[in-house]
Number of protein chains: 2
Amino acid sequence: MRRDVFQAIADPVRREIIDILSESELSVNEVAERFEISRPAISKHLKILDECGIVSIAKRGRERFCYVNHQNLIPAFLWVEKYHKQWEKRINSFEEYVNQLRNKKDRNE
Amino acid sequence: MRRDVFQAIADPVRREIIDILSESELSVNEVAERFEISRPAISKHLKILDECGIVSIAKRGRERFCYVNHQNLIPAFLWVEKYHKQWEKRINSFEEYVNQLRNKKDRNE
DNA sequence: TTTATATGTAATCATTTAGTTACACAACTG
DNA sequence: CAGTTGTGTAACTAAATGATTACATATAAA
């Protein structure tokens with residue numbers, strides 16, 4: 001069973017959990033209330049997020065409060081970010097191309 | 001069947017395919033040669049990458065050449081990048097903490 | 001035209017995933 | 001103490017995933 005940040009953020013429910021917990025720390029039930037699926041399903045998602053370090057769970061009384069450790073998203077960030085320049089190049093050359101078309105059009109008017 | 005960039009890059013083989021094709025455009029067989037798994041398996045991975053726009057496949061003769069469209073990684077980049085500041089804050093405060101310790105130690109020496 | 005090569009795809013399979021319900025148990029509340 | 005609440009987990013299920021082998025087809029080469 002793979003358990004890494006890429007697999008963790010592949011699931012839309014888990015991404016939403018991360019989004020929600022980034023707003024405020026919540027108990028397991030408070031997280032589950034925000035979704036249609038059952039509480040055990042959310043519990044499992046939280047376990048997966050916990051296992052790859054993205055979420056930590058702190059016991060306080062009978063509740064468990066969950067919070068995000070954003071720094072564990074860094075490996076995913078770095079992998080994608082290394083292609084940043086390449087899509088910027090593309091977008092710039094697209095903009096250049098559009099500008100060329102615009103200028104040509106302007107000259108023809 | 002979900003087919004989005006997050007699901008596409010969740011698989012390590014697909015990430016490696018993206019890495020390899022970022023170096024140079026390759027035919028399907030040339031991609032497959034670089035992996036232990038069978039050619040049809042690679043074919044399927046390429047199909048998935050194609051379906052979510054990350055890889056395009058151009059027929060030339062009997063070969064099909066594959067190349068990456070990096071701009072289709074942007075949605076994944078944006079989702080992760082929005083937490084950039086939060087882990088930077090963390091890292092900065094860690095560095096601050098380390099510096100405090102250092103200064104304290106310096107004063108004690 | 002025959003043969004070889006490059007590739008896609010169908011059929012199949014084992015494993016993983018994401019969900020469910022039912023139950024156990026610890027910790028608050030009255 | 002008895003009941004309620006918050007949560008984990010086991011058992012189960014359907015669907016998705018990632019791989020394989022076997023076969024079909026198109027194109028190039030002899």
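What you see below is based on every heavy atom in this structure, not just the backbone, and it leaves out hydrogens, waters and symmetry mates. The chains referred to below are lettered A, B, ... by the order of the sequence lines, with proteins before strands, and numbering in each begins at 1. Everything quoted here is computed from the prediction, not taken from an experiment.
- For the pair B/F35 CZ and D/dA19 C1', the interatomic distance rounds to 14 Å; values are reported in whole Å.
- Checked options B/L49, B/V31, B/I48, B/N72; the residue passing with B/V55 is B/L49 (criterion: side chain to side chain contact (heavy atoms under 4.5 Å, CB included)).
- Nearer to the 5' terminus of DNA chain C, by closest-nucleotide assignment, is the contact made by B/N29 (compared with the other of A/Q7 and B/N29).
- Nearer the 5' end of DNA chain D, as judged by each residue's closest nucleotide, is the contact made by A/K47, out of B/V13 and A/K47.
- A heavy-atom distance below 4.5 Å is found between the side chains of B/W87 and B/V80.
- The closest side-chain heavy-atom distance from A/L46 to A/D50 is not below 4.5 Å.
- The environment of B/Y67 atom OH is dense: over 12 non-hydrogen atoms of other residues, nucleotides or ligands sit within 6.0 angstrom.
- Atom pair A/E30:CD and D/dG6:P shows a separation of 9 Å (rounding to whole Å applied).
- Rounded to an integer number of Å, the gap from CD of A/E33 to P of D/dG6 is 9 Å.
- Atoms CD1 (B/I9) and C1' (D/dG18) sit 18 Å apart, rounded to a whole Å.
- Checking D/dT9, D/dA19, D/dT7 against every side-chain atom of A/P40, the shortest atom distance belongs to D/dT9.
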Heavy-atom contacts, protein to nucleotides 25-30 of chain D, under 4.0 Å, summarised as B (base), S (sugar-phosphate only) or - (none) per nt, yield -SBBS-
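- A donor-acceptor contact shorter than 3.5 Å is absent between the side chain of A/R39 and the backbone of A/V28.
- Using a distance-only test at 3.5 Å, with no hydrogens or angles considered, a donor-acceptor pair links the side chain of A/R34 to the main chain of A/E30.
- As rounded to whole Å, 12 Å separates atom P of D/dT9 from atom CG of A/L46.
- Note: NE2 (A/H45) to C1' (D/dT9) measures 16 Å, nearest angstrom.
- Between the A/R64 side chain and the A/S27 main chain, no donor and acceptor come within less than 3.5 Å of each other.
- Of the residues in residues 50-57 of chain B, none lies under 4.0 Å from DNA chain C by heavy-atom distance.
- Counting heavy atoms from C-beta outward, B/N99 and B/E96 have side chains that stay 4.5 Å or more apart.
- With rounding to whole Å, B/R3 atom CZ is found 9 Å from D/dA16 atom C1'.
- Taking the side chain as every heavy atom from C-beta outward, A/F35 and A/H45 never approach each other to under 4.5 Å.
- Interface limits on DNA chain C: the 5'-most and 3'-most nucleotides within less than 4.0 Å of chain A heavy atoms are C/dT16 to C/dC28.
- Aromatic ring orientation, A/Y83 versus A/W79: perpendicular (interplanar angle above 60°, classes split at 30° and 60°).
- Within a 6.0 Å sphere centred on NZ of B/K82, other residues, nucleotides and ligands contribute more than 12 heavy atoms.
- If you take CD of B/E36 and P of D/dG18, they are 18 Å apart, rounded to a whole angstrom.
- Taking only side-chain nitrogens and oxygens, B/S38 comes nearer than 4.0 Å to OP1 or OP2 of D/dT20.
- Side chain of A/R14 to main chain of A/I9: no donor-acceptor pair is present (N/O by atom type, distance under 3.5 Å, no hydrogens or angles).
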